[in-house]
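First comes the structure, then the notes that go with it.
Scope of the values below: all heavy atoms of this structure, side chains included, with no hydrogens, waters or symmetry mates. A note on names: the letters A, B, ... follow the listed sequences, proteins ahead of strands, and every chain is numbered from 1.
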Amino acid sequence: MACNLLIVDDSQTMRKVIRKSVSLAGVELGDCYEAGSGQEALKLLSEHRIDLIFTDLNMPEMDGLEFIQELKGDEKLKRIPVVLITSMKGEPRIQEAIGLGIFGFIQKPFHPEALRDLLASK
Amino acid sequence: MDTFRAVAISTIQNILETMFFICAEPQENGFDSGPGEGNKNLPQGEESLYVSGQIHFRGVPSGTLQVLLPFSLAHTMAQNFMGLEDEASQSQIRDMVGELVNMVCGNLLATLNPKVSHGLSLPETRLVSQPGEESIGGGEETTIHLDVDGHWIRMQIWLTSPSPGGKSAP
């Protein structure tokens, strides 16, 4: 079944790169939604069926960790796998996100193979 | 070459190669020439512009990182980055430069001091007509010039607090 994707990143170019990388990783894509902040993402989640989420950490309004906290606190949404993509390897918010049960974490820069390996590993 | 400078060079080289598919070589003596051959497809005026991206970081060390590059090179990089067949727009190009400084800064800090967390500002970008040397409010400055197939990229880092191990930047 095709996978409906939500990409949350304040950089429009990074959203395109992630979308392309997911496609190159061999994921059969259905609808692909994009949000520039956690707040926009929550709105999209209330309107559409989403199967997989990629989110940045540093974003205006609502950052990636706040978004994940909101998501994991929602009974209807908390089981959607979330992959965190960020350039900040040592950032404590990454550990907090892992503690909340995210699917995985990828550090930028990355090759599409890193996404494929992560998605295939679970 | 000191460690800080070497780490900064290898960090930006790795990011340029991995995400933008370009090879950059450090130039010890900087550049006297212009931005390199322009892109004939760019609208008139844009080929002589430069794009500057800047990000601030807090922690150990604290400071500012800035990258400056010709608009024509940024245009090519944006095309590579997004795998575009159409022309990249000016907003996409600026956005790409913001993402570049975000990645360089995040990776540089993680390599220098992996056990210490840093706060990063949201990147800021702007178009400039003259690539003059800049100095951002005090601190130790490191300037790195990279050659990309006849074009150049300048990266400047200002440290306002000591780098890891108590060493200051050169």
Side-chain angles (χ1 to χ4, degrees), chain A residues 7-25 29 32 34-40 54-66 84-99 105-117, chain B residues 11-22 53 55-60 65 74-75 77-86 88-123 125 164:
Chain A
I7 302 170
V8 193
D9 197 309
D10 57 320
S11 162
Q12 58 161 314
T13 56
M14 202 63 218
R15 295 197 298 263
K16 278 188 186 293
V17 170
I18 293 169
R19 181 177 183 159
K20 193 175 179 68
S21 298
V22 174
S23 180
L24 288 171
L29 285 180
C32 186
E34 297 184 9
S37 72
Q39 280 176 338
E40 279 183 41
F54 288 86
T55 182
D56 186 18
L57 195 55
N58 268 350
M59 291 183 288
E61 297 173 30
M62 177 187 284
D63 72 15
L65 180 61
E66 290 169 324
L84 187 63
I85 299 185
T86 178
S87 61
M88 294 295 289
K89 194 178 182 180
E91 167 68 63
R93 286 179 295 172
I94 296 168
Q95 288 307 317
E96 284 189 58
I98 290 169
F105 155 63
I106 288 178
Q107 188 184 12
K108 294 182 279 188
F110 62 88
H111 289 288
E113 291 82 0
L115 285 182
R116 185 192 59 204
D117 293 348
Chain B
T11 298
I12 191 169
Q13 281 180 312
N14 177 44
I15 288 163
L16 290 172
E17 189 175 330
T18 306
M19 300 301 283
F20 301 93
F21 313 111
I22 61 172
I55 193 165
H56 306 287
F57 48 95
R58 298 180 312 278
V60 179
L65 182 145
H75 179 271
M77 286 170 59
Q79 303 268 123
N80 291 351
F81 188 49
M82 292 182 284
L84 290 179
E85 291 177 8
D86 301 328
S89 68
Q90 195 179 99
S91 75
Q92 287 174 322
I93 290 166
R94 290 180 61 169
D95 193 61
M96 177 278 295
V97 172
E99 193 56 42
L100 171 65
V101 292
N102 179 53
M103 281 192 276
V104 172
C105 192
N107 279 267
L108 174 61
L109 296 171
T111 305
L112 285 172
N113 206 352
K115 292 181 180 173
V116 172
S117 65
H118 291 85
L120 294 189
S121 70
L122 294 173
T125 64

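Proximity to chain A is limited to the side chain of B:E99, based on heavy atoms less than 4.5 angstrom apart. Proximity to chain A (any heavy atom under 4.5 Å) is shown, for B:I15, by both the backbone and the side chain. Residue contact with chain A, scored on non-hydrogen atoms closer than 4.5 Å, involves the backbone and the side chain of B:S91 alike.
Crowding of A:E113 atom CD: a count of heavy atoms from other residues, nucleotides or ligands under 6.0 Å exceeding 12.
The heavy-atom pair separating B:L120 from A:M88 by the smallest distance is CD1-SD, 3.3 Å. Taking each heavy atom of A:V17 and B:M19 in turn, the nearest pair found is CG1-CE, 3.9 Å.
Here the side chain of A:N58 pairs no donor or acceptor atom with the backbone of B:L122 at under 3.5 angstrom.
A donor and an acceptor atom, one from each side chain of A:S11 and B:D95, are located under 3.5 Å apart.
Note that the CE atom of B:M82 and the CD1 atom of A:I18 stand 13.0 Å from one another [nearest 0.5 Å].
No other option in A:K16, A:Q107, A:Q12, A:R19 has as many heavy-atom pairs under 4.5 Å with chain B as A:Q12. When the candidates B:N102, B:T111, B:N14, B:L109 are compared by the number of heavy-atom contacts under 4.5 Å with chain A, B:N102 comes out ahead.
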